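Okay, structure first, notes after.
Just so you know, these numbers use all the heavy atoms, side chains as well, and skip hydrogens, waters and symmetry mates. Computed from a predicted model, the values in this text were never measured in an experiment. Note on naming: letters A, B, ... go to the chains in the order of the sequence lines (proteins, then strands), and numbering restarts at 1 for each one.
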Amino acid sequence: MKEKIAKVVEEAVASLSLHIKNIPEIKIDRTRDEAHGDFATNIALVLAKDARQNPRMLAQALIEKIDVTDDIEKVEIAGPGFINFFLSKNAKFAVIKSIFDQKDRFGYGEVGANKRINLEFVSANPTGPLHVGHGRGAAFGATVANLLETQGYKVDKEYYVNDAGRQMHVLAVSVWLRYLSLFGDLPSFPRAGYKGEYVIDIAKALQKEHGDVFAKDLASVFADLPNDELDKEIYIDALVQNAQTLLGEHSYSTIFDAAVESVLNDIREDLTEFGVKFDNWFSEASLVNSGRIDESIKTLQERGFIYKKNGALWFAATKLGDEKDRVVVRENGITTYFASDIAYHLDKYKRGYDKIIDVFGADHHGYLPRIKAFLQAENLDVDKFNVLLVQFAILYRGKIKLQMSTRSGEFVTLRELREEVGNDATRFFYIMRKNDQHLDFDLDLAKSESSDNPIYYIQYAHARICSVMRQLDDKGFEFNEKEGFNNLNLLSEPQEQQLIRRMRAYSDTLERAALNYEPHSLAHYLQDLANDFHGFYNAHQFLVDDAALRNARLCLILAVKQLLANGLILLGVSAPDTM
RNA sequence: GCGCUCGUAGCUCAGCCGGAUAGAGCAUCGGCCUUCUAAGCCGAGGGUCGCAGGUUCGAAUCCUGCCGAGCGCGCCA
């Protein structure tokens, strides 16, 4: 419809033969206020200056040239020179039929044209269970993927597994120490070690499967160590060294692999329960083992962006807009996380995606310039690359802010959060706010069964419609779809008009939410739609004796039900039949 | 100090690819259940859109400066 009107206006503009060099694109907007009709254009205002005409006069001239079709009931000038279009009733009712026909695919678009997108999100280090911060990234990424797919994009959801870094050794040695403590008391546990309960669970599982084969004399385990109090990082590195020598390569890697596998399985299970599925789990270790990290450093070297300083290899990122040059190979010969990331992104580009999107926690935003720098150094198309930042979620219990700290091992995990407030409310609350906005997550509100809770408010609207359909049977009526569609013109109450107006805006909202990566706008839309419905519900009866009106109203609310369900499912939230 | 993000009602936030009287929820106050789920609805009050300039026919929206908040500035990941 929008395109139709744009075309008509465009023709009208052309027919006026104004002496203007470049006529801007005609923009047709949905009006915010019903009094302004259904669509409006500001073209007369935009052209007025160049045409050296009064905008209202220009608008008048345009209107006279506009071919009014059957769909448009009225065209008028308003305000400083807007042209407002009023649709005919029949044109407006068409949305109900479309929803019935297209069902769960209603509002889908094709701008994506099957283009392939790689969407990387969560990518938390497999050193422990996911916490509430990761949850927001998970909900956001999964929803963005759903939204993009509605617009015809092919989205690969990817989790980058940092299974190669130093942190993994810290995890392995933490597990081993907990394992050793099953045979005798340890003198101490390293400050930098992982102290969570899950580490002990992994240790116990190891004991169950392997018995005491990894047990070593504690004196040798803690022999020749620096002071933990002085520098906990140096201390734990030394412990890792001891572990590797005492256990030997085979035993050490058995523990290492068991630790990584166990944590990863937990993460996978957690995300699956949360309704977040990945197409690809990309292992950092696979980059290391295949030599692709060295390879990518080499290509940078050939292009003259690598130099040696203080025994380390540096990437000259400042040449390409970054604040500092970055180390890729440390003095001790170990490559940095950034080196892996170069190889990883190179790999994504090689896989031929049209668009590559990384979802980062906001604390990683400083990372963006260096990635852009190496993309340029590698002569890759930087415009294909996008970073979406997700701010932190702060948990509240009513007014009380919950303290979270990873170092003590007392963090709130995603699983704990899901178990307390449920998956639906968790998913919804996470995406309710714009991603780059801090999120106050009120646990009490998320759990409350009242209209204060937006998720229940929307689900309740859906359940109410289901309930109406059940009542229909009880009252001995039957829904006659054909009769309903033949009598849509009976829907003349303001609440009915409002619902139709709202439903007509769905496709635009969906497209906008997808293209701008803004799930929150779909959430807000659903709240508005539910609000319109509840208003209608309280003002009028649906199950009236007049069959024509009854069936017409049922058509209307069944369309509403479809849209509520469509939207909720895209957000990863269920649409229950009863509450 | 430099960089990124943000500043809208008492609170939590929409609106920000320039447009018509700046919206919603919560909280406060006042109404609505012999009728399809009151987990609901209707109404009222509440605003220098951080401040000051600039661009424009038109600025919450774009630009500059200032003030304030958060985050980032490792041979960590």
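For B:rA20, the OP1/OP2 oxygens have a side-chain nitrogen or oxygen of A:R32 closer than 4.0 Å. Remark: A:R330 is in phosphate contact with B:rC76, judged by side-chain N or O atoms under 4.0 Å from OP1 or OP2. Between A:R370 and B:rC73, a side-chain N or O to OP1/OP2 separation shorter than 4.0 Å is absent. Within the 4.0 Å cut-off from OP1 or OP2 of B:rU12, not a single side-chain nitrogen or oxygen of A:Q437 is found. Of the side-chain N and O atoms in A:Y537, none sit less than 4.0 angstrom from OP1 or OP2 of B:rC32. For A:K434, a side-chain nitrogen or oxygen approaches OP1 or OP2 of B:rG15 to under 4.0 Å. Of the side-chain N and O atoms in A:K309, none sit less than 4.0 angstrom from OP1 or OP2 of B:rC75. OP1 or OP2 of B:rG18 sits under 4.0 Å from a side-chain N or O of A:K27. Side-chain N/O atoms of A:N531 include one lying less than 4.0 angstrom from OP1 or OP2 on B:rC41. OP1 or OP2 of B:rG19 has not a single side-chain nitrogen or oxygen of A:H36 nearer than 4.0 Å.
Nearest to the side-chain atoms of A:H524 among the listed nucleotides B:rA14, B:rA20, B:rC75 stands B:rA14. Counting only heavy atoms from C-beta on, A:R464 has its side chain closest to B:rA38 among B:rC36, B:rC41, B:rA38. Checked against B:rC75, B:rG70, B:rA77, the side chain of A:N162 finds its nearest nucleotide in B:rA77. Listed nucleotides B:rC75, B:rC41, B:rC36 differ in distance to A:H534; the shortest reach to its side chain belongs to B:rC41. The side chain of A:A40 sits closest to B:rA20 out of B:rU12, B:rC75, B:rA20. Comparing B:rC4, B:rC36, B:rA14 against the side chain of A:H365 picks out B:rC4 as the nearest. Comparing B:rG72, B:rA77, B:rC41 by their closest approach to the side chain of A:Y337 singles out B:rA77. Distance from the side chain of A:Q391 is smallest for B:rU5 among the nucleotides B:rU5, B:rC75, B:rC41.
Between A:F428 atom CZ and B:rU12 atom C1' there is a gap of 14 Å when expressed in whole angstrom units.
The 5' end of RNA chain B is approached more closely, in terms of each residue's nearest nucleotide, by A:F82 than by the other of A:N125 and A:F82. Between A:D528 and A:D33, the residue anchored closer to the 5' end of RNA chain B is A:D33, taking for each the nucleotide with the nearest heavy atom.
For A:H364 and B:rG72, a side-chain-to-base donor-acceptor distance below 3.5 Å is absent, hydrogens and geometry of angles not being considered. Applying the 3.5 Å distance criterion, the base of B:rA77 shares no donor-acceptor pair with the side chain of A:D341. If you check distances only, the side chain of A:N42 does reach the base of B:rG19 with a donor-acceptor pair under 3.5 Å.
The P atoms of B:rG10 and B:rC51 are separated by 13 Å, rounded to the nearest whole Å. B:rU21 and B:rG3 have their P atoms separated by 39 Å, with the value rounded to a whole Å. The gap from the P atom of B:rG72 to that of B:rA44 amounts to 46 Å, rounded to the nearest Å. B:rG47 and B:rU8 are spaced 15 Å apart, taking the P atom of each and rounding to whole Å. With C1' as the reference atom, B:rG1 and B:rA60 are 31 Å apart, rounded to whole Å. Comparing the C1' positions of B:rC57 and B:rA20 gives a spacing of 14 Å, expressed to the nearest Å.
The shortest side-chain heavy-atom distance between A:Y307 and A:D325 falls under the 4.5 Å cut-off. A 4.5 Å side-chain heavy-atom check between A:R512 and A:S521 finds every atom pair outside the cut-off. Contact annotation: the side chain of A:F121 never approaches that of A:F140 to less than 4.5 Å [non-hydrogen atoms, C-beta and beyond].
Remark: the A:R136 side chain and the A:T426 side chain contain no N/O donor-acceptor pair separated by less than 3.5 Å. Checked by atom type, the side-chain pair A:Y457/A:N531 shows a donor-acceptor distance below 3.5 Å. Looking at A:H364 and A:D358, their side chains never bring a donor and an acceptor atom within 3.5 Å of each other. For A:E120 and A:S123, the side-chain atoms include at least one donor-acceptor pair closer than 3.5 Å.
Among the heavy atoms of the strands, none lies under 4.0 Å from A:D163. Across all strands, A:H462 comes closer than 4.0 Å to no nucleic acid atom at all (heavy-atom distances). Using a 4.0 Å heavy-atom criterion, one finds that A:V46 contacts the bases of the nucleic acid, with or without backbone contacts as well. Here A:G165 lies out of heavy-atom contact (under 4.0 Å) with every strand.
The closest donor-acceptor contact from the side chain of A:N310 to the backbone of A:A312 lies at 3.5 Å or more, if one exists at all.
Syn is the classification of B:rC33, since its glycosidic angle stays within 90° of 0.
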Can you run through RNA chain B from 5' to 3' and write each base as (, ), [, ], | or . depending on how it pairs? Watson-Crick or G-U wobble, both distances under 3.5 Å. (((((((..((((.....[...)))).(((((.......))))).....(((((..]....))))))))))))....
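Within residues 508-515 of chain A, the residues approached by RNA chain B to less than 4.0 Å at the level of any non-hydrogen atom are A:R512, in residue-number order.
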Are A:V161 and A:L264 close enough, and set up right, to give a side-chain contact (heavy atoms from CB on, under 4.5 Å), and what steps lead you there? CA-CA 9 Å; A:V161 185; A:L264 261 181; 3.9 Å; yes
List the steps, then state whether salt bridge (Lys or Arg N to Asp or Glu O under 4.0 Å) holds for A:E158 with A:K348. CA-CA 10 Å; A:E158 191 155 307; A:K348 285 189 191 175; 5.2 Å; no
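Using a 30° and 60° split on the angle between ring planes, A:F338 and A:Y367 fall in the perpendicular class, above 60°.
Stacking of A:R464 on the aromatic ring of A:Y537 is recorded, both the 6.0 Å distance cut-off and the 45° axial limit being met.
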